[in-house]
Structures are given as C-alpha cells and as structure tokens.
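Report on the structure given below.
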There are 4 protein chains.
Amino acid sequence: MFNEVKSLNEECGVFGVWGAENANYLTYLGLHSLQHRGQEGAGIVTNDRKKLRIYRNLGLLTQVFSKPEYLNGLTGDSAIGHVRYSTAGENKIENVQPLLFDFTDSQIALAHNGNLTNATTLKKELEDQGHIFKSSSDSEVLVHLIRQSKVRSLHEKIIESLNKIQGGFAYLLLTKDALIVALDSHGFRPLSIGKLDNGGYVVASETCALDAVGATLVRNVQPGELITISDKGMEIDHWTTKTKLAICSMEFIYFARPDSDILGINVHSARKRMGANLAKESPAPGDIVVGVPNSSLSAASGYAEASGLPYEMGLIKNQYMGREFIQPTKELREKSVRQKLAAVKGVVRGKRVILVDDSIVRGTTCAYIVQLLKDAGATEVHLRIASPRFMHPCFYGIDIQEKSELIAAHKSIEEMNQMFGSDSLKFLSEDGLIDAIGLDADAPYSGLDMSYFNGDYPTYLYDYESKK
Amino acid sequence: MFNEVKSLNEECGVFGVWGAENANYLTYLGLHSLQHRGQEGAGIVTNDRKKLRIYRNLGLLTQVFSKPEYLNGLTGDSAIGHVRYSTAGENKIENVQPLLFDFTDSQIALAHNGNLTNATTLKKELEDQGHIFKSSSDSEVLVHLIRQSKVRSLHEKIIESLNKIQGGFAYLLLTKDALIVALDSHGFRPLSIGKLDNGGYVVASETCALDAVGATLVRNVQPGELITISDKGMEIDHWTTKTKLAICSMEFIYFARPDSDILGINVHSARKRMGANLAKESPAPGDIVVGVPNSSLSAASGYAEASGLPYEMGLIKNQYMGREFIQPTKELREKSVRQKLAAVKGVVRGKRVILVDDSIVRGTTCAYIVQLLKDAGATEVHLRIASPRFMHPCFYGIDIQEKSELIAAHKSIEEMNQMFGSDSLKFLSEDGLIDAIGLDADAPYSGLDMSYFNGDYPTYLYDYESKK
Amino acid sequence: MFNEVKSLNEECGVFGVWGAENANYLTYLGLHSLQHRGQEGAGIVTNDRKKLRIYRNLGLLTQVFSKPEYLNGLTGDSAIGHVRYSTAGENKIENVQPLLFDFTDSQIALAHNGNLTNATTLKKELEDQGHIFKSSSDSEVLVHLIRQSKVRSLHEKIIESLNKIQGGFAYLLLTKDALIVALDSHGFRPLSIGKLDNGGYVVASETCALDAVGATLVRNVQPGELITISDKGMEIDHWTTKTKLAICSMEFIYFARPDSDILGINVHSARKRMGANLAKESPAPGDIVVGVPNSSLSAASGYAEASGLPYEMGLIKNQYMGREFIQPTKELREKSVRQKLAAVKGVVRGKRVILVDDSIVRGTTCAYIVQLLKDAGATEVHLRIASPRFMHPCFYGIDIQEKSELIAAHKSIEEMNQMFGSDSLKFLSEDGLIDAIGLDADAPYSGLDMSYFNGDYPTYLYDYESKK
Amino acid sequence: MFNEVKSLNEECGVFGVWGAENANYLTYLGLHSLQHRGQEGAGIVTNDRKKLRIYRNLGLLTQVFSKPEYLNGLTGDSAIGHVRYSTAGENKIENVQPLLFDFTDSQIALAHNGNLTNATTLKKELEDQGHIFKSSSDSEVLVHLIRQSKVRSLHEKIIESLNKIQGGFAYLLLTKDALIVALDSHGFRPLSIGKLDNGGYVVASETCALDAVGATLVRNVQPGELITISDKGMEIDHWTTKTKLAICSMEFIYFARPDSDILGINVHSARKRMGANLAKESPAPGDIVVGVPNSSLSAASGYAEASGLPYEMGLIKNQYMGREFIQPTKELREKSVRQKLAAVKGVVRGKRVILVDDSIVRGTTCAYIVQLLKDAGATEVHLRIASPRFMHPCFYGIDIQEKSELIAAHKSIEEMNQMFGSDSLKFLSEDGLIDAIGLDADAPYSGLDMSYFNGDYPTYLYDYESKK
C-alpha cells in the first residue's frame, strides 16, 4: 500500500466536502488518509459562500499545514483538497493543486486525479488565441475551455468542455454555489461519495477517506457521470453516455490502501486472493513466506495461507525515515539504503524464503532485497510477484510514461531472475489477476484497465499515441 | 516494536564507535536504527583526538540533524551518540545526551541508558560540597563522582564511582583516548559490541544497530563489565564481580526491534513464542487473529499459527503521521485519533476477531481499538495480551514510575474487559513468558527482570523504595 | 529615505542586467540597495539562454534568499529582479514579481514599477475572451495584450500593447534574447541604465543600485522610450512620441535614497534645499533643529544651515527592529511603539525644538513624536514640513489611493497643529518645492507630478477617474 | 553607538525588573533598547515566586524570541535578562546568559556584564575540588563560590564571594525572593536603577532602557555597592568600601547609545564635545564635515559646529542588512561590502572632506571608507578621530584582549595615514577626551578608565598580567 521502497507513484488523491462545519478540518483529515496517493504537494480550497480561500505548498500534508493558522484561515462549510505526486523537474508550487482561479466576476477551484491525453494539443490551440497558462499541469486546460465556452450556464459549459478532453480524470470543481464531480468515460480512477451524519456530502478518491471522517458510502461515481452537490442536495447527471468501465488494475495491486473498497471490493482481500492465485499457479520449494513491507504483506499472507507455509516477518521497515543525508562515501551510501529495510536474521537464517512482492516496475530494489535476505542467512530466495509482468507505460494518471523505465519490457523472466540473484522468479497470470480482483463487469477484462500488462489501451492515446 | 500507539517509552538508546572514518555518519546510522528507543532528543559527540565536539537538540534524529553542516562539523574517528525519551516537564535541551563536560584540563562525554536509584541522595551530597549540576538528569552524577575521586587513574576513578551508584545503567564514556563501556550489575539494559570490517569497534543498545553499520557481533556486554576500547584494542575488565543477570523482560515484549537479538535470542521469534504460548493457555472462539500494528504483529502471527486460525490484517496503521493539529471540536478530535489506526472493514466484517496486543500499560487505547473493530463490523472481539498483567512501576530506565498509571494495578481482569468493551480478556502467564523468551540463565526468573508483573525487584530501590 | 515610521510606501523597485557573469548575484546586490522601495516581496528571474528560472517569495530580500541554493539555482548571464510593496489583503505570493510566463513555445518574465489606470477595463475585456489571469496585480495585463497581438515581431507586439495601457510604468521584460525596458509617456518613475566594466548593461529604478554593482550611468530612461538590450548592444526606440515629463515629486521628497541622482539631481541635496527654502519661508522661534530619522535628516540639516541654528540629534532610531510581538496590555503596546524612536533627553531638555519632517501623509505618528520630545523636556516643538500639504491620492504607483487616508485633505493646518500638540505647524510652498528640486524641464511644474498637493493630475485617470 | 562597521564589541547588556506585571515583556523591551551592547545571544529568566523559568538562544533578541510562546511561557513579576556578544569560537548556547542554576533546594539565575581577571585561577581551584562548570564563561565562577561558601545567609555568601573575584562586573542575580545587584569596586560598567509608575524597580546597563519601559532614574549604582531589591523595597549595602571610580571611557566614546546618560552625562552631548575639542586641537583644510554613520555622527556634528564648516551626509548606511551571502568571486565580495555604506556622490564630489570617526581599533575599514569617498569624487579626505590612539587591550569586558589586534599599537600616525590613503590623520588628545566627558570625580583621570590609551590599568590584572 505504501510507496516508499518502490519508485512507482500515483499522481493524486482528491477530497471534497459540502455542507459541513469545519470543512477545512474534515478535508485535512480526509487528505491525510489519502497521503499515500501523493507526497509532494498538498492544498485545500474552502468556500465560505462569499469567497474561496486557498492554502497549498510543496511537501507532505503535515509539512504544508505546519502552522495552525494555515488551516484556520480556510473558513467555510465546503472545500476541496488535493495531494499530489509530480514527475521530477516540474515539482514547483504553481502545479500544486487545488488550482484556484480568480476572475473579476467569480472564482472556481479545481482538483484533478488523472492525466489528460490531448492536453498538449488543446493548450496549443488556446495559446494561439492568446490564453496564458499559470501551471504546467494538464489539469488547467479544463478551466480555460469552460471560460471560453459560449453556451449559457456553467453546467452546460462544463459538459461542453468535458467532451473536448480525453484521457483519465476524476475532477472536483468548487464554486461559491456547488461542488461538482466528474469522472471520465472509462472510470480509470476510483471516486466515491459519502454522507456525513449531519447531512453533508463528501467525495474522495478512496473509501478509506470516507471512513476517516465518519461518512457512509452512498455512491461509487460511475464513468461519464457529472454530479452536482449543492444546498439542493446531490444531482446526478452525465456528461457522456458513451462509457465503458476500465478501472486501473494497479489501484487494486499497489496504489489503494488495503482498507479501501473499490467498486465494492476490499483491496486487502483482493490482494490476498492475488497471493493465493499466485501460490496455486507458481508454488515454490520454500520454508517460509515473507512479504516486502508494507505493500506486499496482504499478497504474502494470501500466498502463505494457500500454500500452507508459515507467513513470517522476515523483513521489517524502519518507520522513522526522514530526509536523508547525502553520505560522503559509497560504503556509507549503501549502509544508508539499508536503513529503510532490515532483514530479521533470527527468522530467515537457514531458511528457504519465498519472497512475495506485489509488482516489479523499475526493478531497482529487487536485487537489494534478495541480497539482504541472503546476507541474513537465507539459503534460497524464490521471488513471486503477485501481478503480471508490467511492460507498458500508463497515460491515465500514473507517472510511468516511458517504456524504457520498465524492466519487464526489456528483460526476459530468466534475465531478471539472474539480475536479482533470486533462485526462481514467477509472475501472476493475467487471468489470475482478473479472477482475484473479481470485478463482475460487462466490459473487456471484466472492467479493468490491463494495458500495463498487455498493451491493450482502452482509448486512442492522442498526444501520447507515438509512445505506445 | 514501535511505540506510537501505546504511551510506554524506553528512555534511551546509545551507540558508540572507535577507530573508523566518518564516525559521525556511522553514529547517525546507528542511532537511526535505535530511534524507536527514544524520540524526544538526540545528540552525537565526536573525538578527533584533539577535541570532543557535540551537537544535540530536541526532536527526532532527522529533525536534530536537519542540516548537513550539523553532522559534518562533528569530525573525528570515534564518537558516542544517544537518542532520548524524557518524562514530561523535563524535556529541555540541557538534558539531551550525550552530555559533554569541558574541564580546563580535559573533556569527557557521557551517554546513559537506564535510571539510577540513588541519584537524588548522591546529588544532594555533592551539592552540599558546592557541586553544581548542569542537567536535571540522574546521569550526570557519575561524572561528578569521577571528578571528585582521589584515586589516581581515570580507570580507577571510574571503578570507584560506579561502585557508588545503584540502579540500571548502560554507560558509554568518551575521552580523547578511549571509549569506555560499563553495564550495571544486573544487566538491566541490553548492550552489544561489534566489529567493523576495517577493525574499528561499535557499541550499541541493540544488535539491529550493528547490522545497520555492517558490524559483526563480537560480545554481548555482561553485568558488571567495564570495557575500554582504545587504539590498543578492547580490554575487558569488571567494576564489580557481584552480579546477577536480570535483564528487562519488556525489552523482549515491547521495546526492542524485532530484528535485534538480545543475549542471542531473536526478538521477533521470542514474541511469536509468546503468542503461541498465549494461544495454548487461552484459546478463544474466533474466526481470525488480528494484531495491533506494529508492535503486536509478531505475537499475533504466533497465536494464529499455534491456534490454526488465519492471521489477518484487520487493522492498519497510517504511516504518514506528523504533528497533529489541535482540533476545534470533540467530534473532530475523535476523528483525528482514528487517523492513526484504521480497521479493514472488508476483513473484519461479520467476523469474531481475536485481537492480540503485546501488553497493556495505561490501557487508554484498548477501548478505542475494540470499538474500531466493532464499528467495522466485527461481531466479537476477544482480547489476548501476550504478556502478564503489568502492575508494578519500573525504576531501572522505563518512564513508568507511578503505580497509579498502571491500569492492571487497580482493575481486575473482568473490570478491564468491561471497560474495553471486549468479549473476553486474557493475559499470558509469567511462566509462559519466561518459557517463550527462553533465556537459560542461572538466576531468578531465568535471568529476567519480571518485577513489572510480580513486584519482585532484583535490587533495593534506595530513593524510590517508598514508591514500591 | 527609509519608510518604517511613516506608513507611505513605494510600490516597487526594479533591476535588470544583461551580459554579465553571476547575473544572479549582481541582481541580488542591486535589489538590496533598492530594498527601501519595497519590503513585502522579492524575486529574481535569470536567463541562461536556454531557460528562464525564477525564485521569489514574500519578505525582505534576505528572507526570500535565506538559503544560498535559492540564489545559486538561478544561473545565467542576464536577469531581472523586483522588490515589492503591496496593499493589504493582496499580499500573496502569486503577486510577487517578477512574473514568469511559460508558454509552450517560449518564456517571458516581467517586472513592473508603477500602476496602470485602465487595467481593470482591459482585464475585463480579456476575460470576456476567455483569458485567465494568474495574479491579481495590474502588471500582468501587458503580457496578455502581447500574446493576443496579431502583429508579427515581439517588438511590434510590445509597441502595440504599450499603446493600449495607461498610467505609470517602468517595465523590464526578459526573454531568452533580450532585456527590454519601457517607460510610460510621463516618466512617473525614475529609471536609469548603467554600464559595467565588462561591457554588460544594468537597468535600475535608482542610481544607487548602479553604484552598488559598480556600474557607470549611461542614460536616464526618457518618457515614451522602448529600449532593447541584447548581445547586439543597446537599441533605443520609442513606443510613443506624445510625451510630457511629470516625474513623481515624492521620489525627491521621500522615496528615493539620498545617494541616488534622479535625472541628474542628487536627492540628498534637493532635500537640503527643501529644508533651506522652508527655513526662509517659515522661520520658527527655536533653539535647535531636529529631524525625524532617517528620512528627514537631509531637510533638517538644510533648515539648520539656512536658519543658522544648531542641527541636533534629538531623536534616534533603534536600528534593531524586527518582527514585533503583540503586547498583552495597552500600556505595553505604547511602550513598544517607543522602541522605534527615542528622544535624546540630554539634547532636548529645556530647548525649543524645531522639528523637521519631510511630509505628512496619514499623520499618525506626528502627535507621538511631538509628545516624545515634550516628555523628554522640550519646552516648545515647532513642526516644519519640508513639502506642501499632501491632499490628493496617487494612481501612478504609490499605495495611497483614497483621499480619506490623507489627513491634510480633511483638516486645516490649525486643526492638525492642535491634534499633534505642536506649538506651530508650517508646510513648504509648492513653489518652494519646485525650486528646491530644480528640474529644468519644459513641462508643467518644471516636469514634476505635483498632483499630491494640487490635484492637477497629468493624465485622465480612467478606472480611477471617480476617485479624484 | 552601533557597532556594525567597526569590529569592536561590548560584551553585554543586562536588565532586571522586580515587582511588575508582565515582567517578561518589560524585560524584552528593556533588552531591545540594549541590543547594541550584544548581538550574538539573548535570554530572559523570570520568577513567579515558585519557580524560575528560562528561555535563551543564540542570535538577536527578535530571533531568539521568534515565537510568542517563547516569551509567554516566562511567567512572573520579576525577571533578569541579558544580551551577549561573545568572542569567536565560544559562541555556543551554553554561554548565553542569564545562566540558570537548578539546585535540589533552590534556584538562582545570573546575568553578568564585564570580565573577571582571576576567573581562570579560581576555576582551577574549584575544579580541583571536583566542581564542574557548565559554561566556558568566567561569569559562572561567582555561583560556585556562593554555593561553596560556609557562611550562613545568602547575603553573606555573596559578599564573601564577591571579595574573591577581581576585574569588571555588573552582576544581576535573581532568586525566588530578591533581585540582587552588584557592581565592581571601580564601576567599570554603567548600571542604573529606575522606578516604574506602579512602584516596581528596574535595573539596566544604560538609562535608555529605563526610558524604554517608562521608568524614572532613581540611582546610578556606585562602585562596590550590593543592592537587594525585594518586596521590602530597595536595600543598599556595600560588599567593599575600597572603591575608586574608573568607568570605561569607551562607553562614552563608542558603546553607549547617544540617548543614554552615564553618571548624569548625556552620551550624545559628550560626543559632540569630543568633536568640538578635536576641531580646536586639529583643524583641517576641508569644505565639509562628514561622520561615519552611525556611531560618529555626534562627534562629526560637534566638529562641524566648532569649526564653522557645514555638516553633511556624505555617507549613508543601508539599514536593510541581513545575513550575507558568501559571494563567489572577489569582485562580488568587494561589491557586497559596499552594501553597508554608500558615499553620496552629489555631496562629496569635488569637495575636501573632513571625515570624523569616533575611534580606530583594528583599522580595517578606514582605508575602505576613504576610498569610497575618493571614488565618489572627494578631492581630499582628512581623517579626524574623536578619541586618542587605542593602543592597549581591555580586560574588564571588551573583546579586545590582544595588543596585536590594535593597529595603533604597531603603527605610527603617519604610517596609518598612508595605509588609509587619507590626506591627513589626527587623534583627539587624552586631555581633550577627559574634558569632553566632563566627569567631575576625585579619582585618576577624573574617574575614567583611560587604559586603552595610556596602558595605565586601574587594577592588577591577575590571569592577564602577562598580556599587558
């Protein structure tokens, strides 16, 4: 569930609330439980019915809101918030969301989880008309389209604009009058709506954030939906009816928190089933099953249970990680890396270890972890990956957009096994994954986006088509 | 292993190194892996053979050494470091260790893990002679005794002084010429010596710190030992021969990191055996076994294995905890507490949960965790504690010095069961604990300090005798 | 010269450099000597011929560039910088200049000293076309006009755009290829160009910044000029030929640093002449002449010299002012105010003091200073103001835009005299001021903007016309 | 008065208050007006009659008390405070005063302005008895002596201890019961007592601090006095009667604030007389008189008045100085130094300048300032120093303790004139200085310590005797 060891990052988490006192604090709590979806920036915009107010900055939520006044200044009974991961080089405050737009006549704020595939084209068209963008993120395009639209109502402007953009998006928009929720036509990203005891509404990327504020799930937002939450309640509309579910399979495998339910399926349980299916498909001659903490513990316990082998804590993660020093020597640098994970000698010494990892992306840490276990006395290390080979980049909201970054795109399983120093290496099959998740949808791959593994993208890729 | 949920705190971790380039960085790495032993202050003193240099401050290690220059300024090839927990009200920088003493003719630095039981008496005597103390910690007394001693060599002065103090101590002393290591006559605190590839020595509270710097264990320091490490190598002497091992049982139960070995016994494995013994002594009518993360996961998996029930991730801990805001309403405060732990609904819904916790000290979080599980749909919660009832305060280095703070000292098991809202509550027996740890020592309770559970203190308590 | 006691603020200082190694450091030094023109925000954009880079933040220059890496990251051999004062409520980072605009095809940065009078109208027109503004400052309009322009070259686009804006402006624009300098048609703000020993050019609001970087003055920018500095050298063009000099008289009276020369006139010397003219017009029955530090010391010494009375240091300013605490009681608050200025008892006791101040704007500190002197034993305090009555707001770049803020607009001289508790009160005449400055220009009021005193604005006021 | 340009530093300022609400805030205000006496550390200890509380740190007062809670936590109706300069290498927090000593039975806090001449000897004796010092400052010795004393009352212990120490001291001691004030037998440092309107007492190094808190002077503390301020009022006693006034002449020349009165003599006025006497002794063929800001402005105006020449602002000081960057090139470093002072070209161009400086210590900036004026167009620069040649170090509380640091100890006047590039150089005579100060005391040099100029130290120098 947590992404510190693996360098694979979700781009965002969004949270919104309408009609609740202390909207600022609720949004803070909600974002806090979504922190695993983005650690490089955070922000909140609140609405006190007269004015929208913003505070945002680079860093973790607790670093951004390092002083109480930053949060207390955000008054109002509705809000949207955002946690962000950003690709290197563009990690500047201008891109931290929500984006708040001040017009002479009104204000609008926007929080976006996902990635548009035709933003570059649209941005160019708008710049040719004199438009100036304030961020380098693709998210901002939507507001320019809305402002340029000639149709009458804001609702119609939004529908017109959403129909011009392509790709993955879970959008929250906040105005003085409403909290507006829109999901792309494939539902690439999860998005759920809950209700507070006091009657207010909350919207969040994951249900763990509904739990965090004590809200009850009332709706998983469906592909193509445009939902308006205002003092009149929740109105459900569609910006398109041409929809086909293709939710990101990596949400189940790696990104989402184990206590979240996505489209009704508990993430931890799905991961246990991935581990169990993997055990059935690829047994290994081991004494104990060890998971890479923390993201692979569910899959590892599923593997152990299905294989009848003991599940052991053979690796532990140091929870006191902070900013790292640049160590002066190579030897010290290597020791410093060891701070993150430690092998439990007393557990692995003399054992044949079945090491379960949820996925392999860049493959940079596998060799290190295998070595760690062998140094601690493991006699064999059999690596079992609870998802298929990750060979194709993602253009709908994950930060892997280059095939060259993906080790499985370039190396055979046997080559990887040798690189990692493991004694055997196996991956879960695509069918095993689809079965473990168990989405019962009338869409290809049961409603999952499986393009990571098979390159079968659910949409045309527009600006990214050449990168396929 | 980690103490965020439970308010029970080890008072310190110590680390020392002699004869290694970059002693500052090695000590930083060593302390980092001991951070769980103290989070309120940290410091390092290095020795470049001409001068001892210090940097220390309140906070976590990464907060204390927030700028590279703080660490880089500490030059030398030997060092001692300290991480500290302190009781409320005395959390001031003067007490952060190491303490560095500048005399007109020399310098000495000191790091202490433990608690002296006759420090108040000694301090008073010294003050009557005009002595002035610079900290309010008990640790400083030793240096005053050394300075006052009339015997000739520093070695003899130290032996004379150690014979005047009572209680628990693992002391590291650093001078220009040597790193001196002393352990009390009962060995209340663990302390191990390792050797680096380059021939240098390291000393640490736990073996996980030896692993962290790539050192190999060469000796577990024995009660009454006085060890001098210098350019001449390691010389082992005794300051007393009247010794009787009584190592703190809570180190095995709660404090130490699972990957550490204490006196040759792996901590994770010992905890698994505690869980297993508990399962044998006190089975429960449950469907799944859940541990309180992170400290009880080992015991829970032992319980599960011994009982044949599935071990499940029914609770997860949010790893992104930082400084908390003071929430403006009671309702928000309750929601905020929920940020630390979350129940995994998909796992516990409809299940009879056997909840394993390592120990109950103040008991403040038990009711909250039981409620969390029931809110998430658990039909029953059977609480199993993998250690005996904690009824007596500690005077050898843990921050529980008042009986009134210990819930088990005042409530019967049934009263506690009702307070917590659990469906049953059982504790591990003393014999079950001793057996699980498996220390094979020719001393009472197999060499363990079991006074927490039975009030049978291994020593007279001096200044604290009235608190018994 | 320095504006801490009086609440009257220049809105900006600008600095630019082309063709010099360490453009970042030179700009830092230049801005440092312009810090008196704006203390609420600062920023620098540099150009390394491939990319423009920005760093800006709220606060004084030394606070903004609190870490060396902030400055060192700004590589290149050309740069523009800005120090900013902003009116309350809009003091947010988005408005801190330079503003850097990233287009898909290019970048442009802008620094502006002055205030546009038709920005609101233009902004509305642009928003109607879908444009979105990223700051709430008026300065940004220019770039939107440039981007929207259909003429071919950037040079032509700029000329077209400058002809659409009204009001006061000294603009620096930086692109990969050139540093572009533009002054409004009345030359409201000073702007000078200098040359470095190495052949590079610098542009600055005041000549003291040229001195600061060791540059020699080569040109005072004239009204209506558009100057392009590039690797081809300096090319002087005009964006309009309909010009009439009306430089801000308050620059001479209060804003500029005494060591700056404006249009060839030394500021300190002009102030001395203001004091001398005041002494001739309005002698007073005093024993000593005292100036309000630091801005009125020049005028006071001029008054003393012309009157033959001794010039004395009767007031001193505490140079160690920092962030002030909010004091818990009214009494303490009053004492705290006294920290800024202190009367020198030994000097003023028993004396009739002629107190010279450069100007009266809000009048909030006059009564306090008079009282300070009387408390210290002055028998009489005759207040002499070295400029005419300030009765009309400014719309060309000073933060006084409301008549209601100006005490002289509402009170007679005698009423003010009574409010302040002074024994007499006199102001310099308009002719006395014009003569003292001694600009020899063929324009109304010898080329000065005297509207502060007589309401005779050099231009139509557009969006502000109703505020006249 | 202000010591930024010249590297000569007072070592301290002290402030105390007894019997006033908000003692913390009053002390803050008092110290703020004494900031010129020490800029490297500050601290306050308050007394709420149950406990003494401390907050201190390195830096300016506003940096030390950067958060309101630091000050608000200091409750009580009495307090002592300290601002500190320290010599290089010993600038560590342990030495920042007040020093607070916690004994098991009581507390005492100490603030010291001055320097003891036999501290090293005493410290050694005390260490031989086992005493451990917590700071490396000499100030702490007094408390060790007090604690070691066998006489009965604290009052007697203090008298006994003061009789053992030698050198310069103005001591403030705070206990739960009293504020105790002691001055050395020569009164090297100024110290004054004032009364608040509410009846409370304040003590301060300079009268400007009494003014700052609205107190009225009631007594200049006399050499040898020991004054106890408690709820019973002010009791004046003596710790010795062998006294002879020898107040530091540099306080009048350079250190004290111009608005302070020392022993009834206003500092600004004394400096004017120094300038006037200098003009009479050493006229110069100049057109204008310019003072080095800010410390020499009084002397310069006295010189101008006496010589009948115009006093001009030929140099100005940039008030916005902050932490300086390390500039990457020599050229930039030189430009950076120019930020502190700027010559006013319009004033000095073509003029023969008489440049008045209060004193020459290391002489490092003289050449730079002369060059600055010549670069700005001055045709001649005649340097006139308003004090005698500074040739002997000080051991009573100024940071010059090495003859080698004093340029006048090694160079003749003509050699210095050539080094500085000035056209002539003259110093005030000793008699001229004594006359200008005008202390009418029955002691050598009219009660002044003139040893800086003539090496005639008022006391034996003990540990420093060899440095004479």
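Values below: every heavy atom of this structure, side chains too, minus hydrogens, waters and symmetry copies. Because the structure is predicted, anything quoted here is derived from the model rather than measured. Below, chain A is the first sequence line, B the second, and so on; all start at residue 1.
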* Go through the atoms of S269(C) and report whether side chain, backbone, both or neither lie under 4.5 Å from a heavy atom of chain D. => side chain
* Asked: Side chains of T46(D) and N24(D): do they bring a donor and an acceptor to under 3.5 Å?
  -> no
* To do: For each of E305(C), E331(C), R349(C), tally heavy-atom pairs with chain D at distances under 4.5 Å, and name the one with the top tally.
  => E305(C)
* Could you point out which residue of V344(D), I369(D), V347(D) forms a side-chain contact (heavy atoms from CB on, under 4.5 Å) with L315(D)? => I369(D)
* Structure fact -> One option among V213(D), N72(D), D261(D), T207(D) has the most heavy-atom pairs under 4.5 Å with chain C, and it is V213(D)
* With A23(C) via side chain to side chain contact (heavy atoms under 4.5 Å, CB included) - residues at least two apart -> V17(C), A79(C)
* In chain order, what residues pass the salt bridge (charged side-chain N to carboxylate O under 4.0 Å, His left out) check against K345(D), with sequence neighbours excluded? -> D211(C)
* **Heavy-atom proximity to chain D below 4.5 Å, by part of N266(C)** => side chain
* To the nearest 0.5 Å, how far apart are CZ in F15(D) and CG in L210(D)? -> 7.0 Å
* Asked: With only heavy atoms counted, which part of A343(D) is less than 4.5 Å from chain C, the side chain, the backbone, both or neither?
  -> backbone
